[in-house]
Amino acid sequence: MSFKGHDIRCVQRRSLLETLAKELPNGTLRFSSKVVSIDESEDHFKRLHLANGAILKTKVLIGCDGVNSVVAKWLGLQNPVFSGRSAIRGNAHFKGGHGFEPKYRQFVGKGVRSGFLPCDDENVYWFFTWTPATKEEEMEDNPLKLKQLVTSKLKDASDEMKSVIEKTLLDDIISSPLRYRKPWELLWGNISKGNVCVAGDALHPMTPDIGQGGCSAMEDGVVLARCLGEALLKPGVEDGEYERIEMGLKKYGQERKWRSFDLITTAFMVGFIQQHEGKVMSYLRDKFMLRFLSGLLSRKAGFDCGKL
């Protein structure tokens with residue numbers, strides 16, 4: 001796929017997280033801190049009860065706790081729903097170099113979609129999405145069976161794609177059902193309430209078909225920091241902090257609501273069309289959709305969330 005002069009880069013999540021974490025003062029991050037429940041004190045502070053028994057008291061609670069978000073449930077948002085499709089993802093390491101150009105390759109047909117993209121000179125990210133049968137859903141925790149499944153489904157794929165799968169170690173393969181939030185829920189549900197809000201997958205879980213899950217989470221961060229900064233750093237205003245936080249989070253929710261609605265809807269439709277097995281849909285997809293898709297992906301990625 002060509003993106004009309006735009007670069008497309010694949011960044012491993014661990015590298016991204018480590019880079020972001022290094023920008024924070026030591027002790028800011030507390031890992032392995034699963035939230036079990038949330039309650040409220042009389043001074044509007046929220047108390048987070050953790051699985052290890054610890055309790056954290058916070059002035060602002062931002063739920064970035066993923067698809068199974070405890071904070072989203074506290075806000076009254078419903079659980080994300082299963083799209084009917086699952087994904088297997090992997091990272092292949094080619095010691096000494098893989099020799100692939102830095103281009104995104106995608107293969108579509110027979111009800112499955114797969115592709116790969118180099119991360120650097122030695123690592124290649126790949127994915128495989130399909131509609132699993134009941135017995136295939138049980139393979140989720142068995143990397144060997146997952147690799148065998150992908151190999152059997154991609155018999156007609158290119159030699160490049162096959163070599164990437166073959167080179168992948170079992171420890172570097174994961175599988176998960178693809179879930180998404182019903183987009184209309186964002187229009188009348190609570191993205192924020194008082195001094196609590198959600199961001200990232202806790203706000204807008206989506207299928208990975210337009211590659212904007214992690215990117216949109218970073219957009220959330222910019223918009224949220226801007227809205228909270230304006231609320232907390234207002235010059236000459238010392239009282240009414242809770243109300244200012246509440247208004248800042250409401251502003252954030254208004255800014256992110258329609259962007260999230262657009263991404264969730266677009267991702268679901270793109271995935272549905274690309275994996276549809278019907279003859280008419282397959283013809284339209286192969287003749288027109290794939291040429292249109294690169295432009296669509298560029299437009300969705302080119303969103304301007306503003307500056308801090």
Side-chain angles (χ1 to χ4, degrees), residues 20 33-41 44-49 56-83 178-234 240-269 300-308:
L20 293 171
S33 302
K34 181 177 175 60
V35 177
V36 176
S37 63
I38 304 163
D39 60 35
E40 189 167 6
S41 61
H44 298 301
F45 278 70
K46 298 296 180 292
R47 285 194 297 260
L48 307 182
H49 298 262
L56 300 179
K57 191 176 180 181
T58 178
K59 185 186 296 185
V60 184
L61 173 56
I62 302 163
C64 304
D65 46 341
V67 175
N68 300 310
S69 171
V70 175
V71 180
K73 290 177 183 176
W74 187 90
L75 288 171
L77 294 172
Q78 296 179 9
N79 291 331
V81 295
F82 180 44
S83 67
L178 299 181
R179 293 186 282 169
Y180 68 100
R181 188 173 303 292
K182 293 176 180 177
W184 51 85
E185 192 182 351
L186 297 178
L187 303 185
W188 56 65
N190 290 320
I191 294 176
S192 71
K193 184 164 63 177
N195 55 351
V196 179
C197 73
V198 282
D201 278 351
L203 168 60
H204 43 61
M206 65 187 80
T207 59
D209 303 286
I210 57 174
Q212 287 300 303
C215 299
S216 56
M218 297 186 75
E219 293 174 12
D220 293 340
V222 173
V223 176
L224 181 57
R226 185 170 63 234
C227 292
L228 268 182
E230 291 171 355
L232 292 171
L233 304 177
K234 214 166 187 176
E241 185 179 58
Y242 173 81
E243 289 74 17
R244 286 184 281 121
I245 290 172
E246 182 178 27
M247 291 306 297
L249 296 185
K250 279 185 178 179
K251 183 179 179 183
Y252 156 77
Q254 288 297 319
E255 283 197 43
R256 297 305 294 163
K257 177 168 62 177
W258 285 105
R259 169 66 169 166
S260 300
F261 181 95
D262 178 31
L263 291 176
I264 293 171
T265 306
T266 303
F268 181 87
M269 291 307 300
K300 297 304 175 187
F303 179 80
D304 184 2
C305 61
K307 296 182 179 179
L308 289 174

If we only count heavy atoms from C-beta on, is the [X] to [Y] side-chain gap below 4.5 Å?
{"X": "His204", "Y": "Val198", "result": "no"}
{"X": "Ser69", "Y": "Asp201", "result": "no"}
{"X": "Phe45", "Y": "Glu40", "result": "no"}
{"X": "Ile264", "Y": "Leu186", "result": "yes"}

When rounded to the nearest 0.5 angstrom, what is the spacing between [atom1] in [X] and [atom2] in [Y]?
{"X": "Ser33", "Y": "Asp65", "atom1": "OG", "atom2": "CG", "result": "12.0 Å"}
{"X": "Glu230", "Y": "Cys227", "atom1": "CD", "atom2": "SG", "result": "6.0 Å"}
{"X": "Met247", "Y": "Glu243", "atom1": "CE", "atom2": "CD", "result": "10.5 Å"}
{"X": "Leu224", "Y": "Ile62", "atom1": "CG", "atom2": "CD1", "result": "4.5 Å"}
{"X": "His44", "Y": "Asn195", "atom1": "NE2", "atom2": "CG", "result": "8.0 Å"}

Provide the closest heavy-atom pair for [X] versus [Y] in the form atom of the first, atom of the second, distance.
{"X": "Gly194", "Y": "Leu249", "value": "O-CD1, 3.7 Å"}
{"X": "Phe268", "Y": "Ser83", "value": "CE1-CB, 4.4 Å"}
{"X": "Ile191", "Y": "Tyr252", "value": "CG2-CE2, 4.2 Å"}

Show which side-chain atoms of residues 300-308 pair as donor or acceptor with protein atoms under 3.5 Å away, not counting sequence neighbours.
| residue | atom | partner | partner atom | Å |
| --- | --- | --- | --- | --- |
| Lys300 | NZ | Asp262 | OD1 | 3.0 |
| Lys300 | NZ | Asp262 | OD2 | 2.8 |
| Asp304 | OD1 | Gly306 | N | 2.9 |

Residues which pass side chain to side chain donor-acceptor pair (under 3.5 Å) with Arg256, listed by chain and number, not counting sequence neighbours: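 For Arg256 the side chain to side chain donor-acceptor pair (under 3.5 Å) partners, ignoring immediate neighbours, are Glu219, Asp220.
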
Asn68: partners by side chain to side chain donor-acceptor pair (under 3.5 Å), with sequence neighbours left out: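 So Asn68 forms a side chain to side chain donor-acceptor pair (under 3.5 Å) with Arg179.
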
Check: Ala202 main-chain N/O paired with Arg181 side-chain donor or acceptor under 3.5 Å: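 Confirmed, Arg181 side chain pairs with Ala202 backbone.
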
Lys257 NZ: over 12 foreign heavy atoms closer than 6.0 Å: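 Yes, NZ of Lys257 has more than 12 neighbouring heavy atoms, counting only those of other groups under 6.0 Å.
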
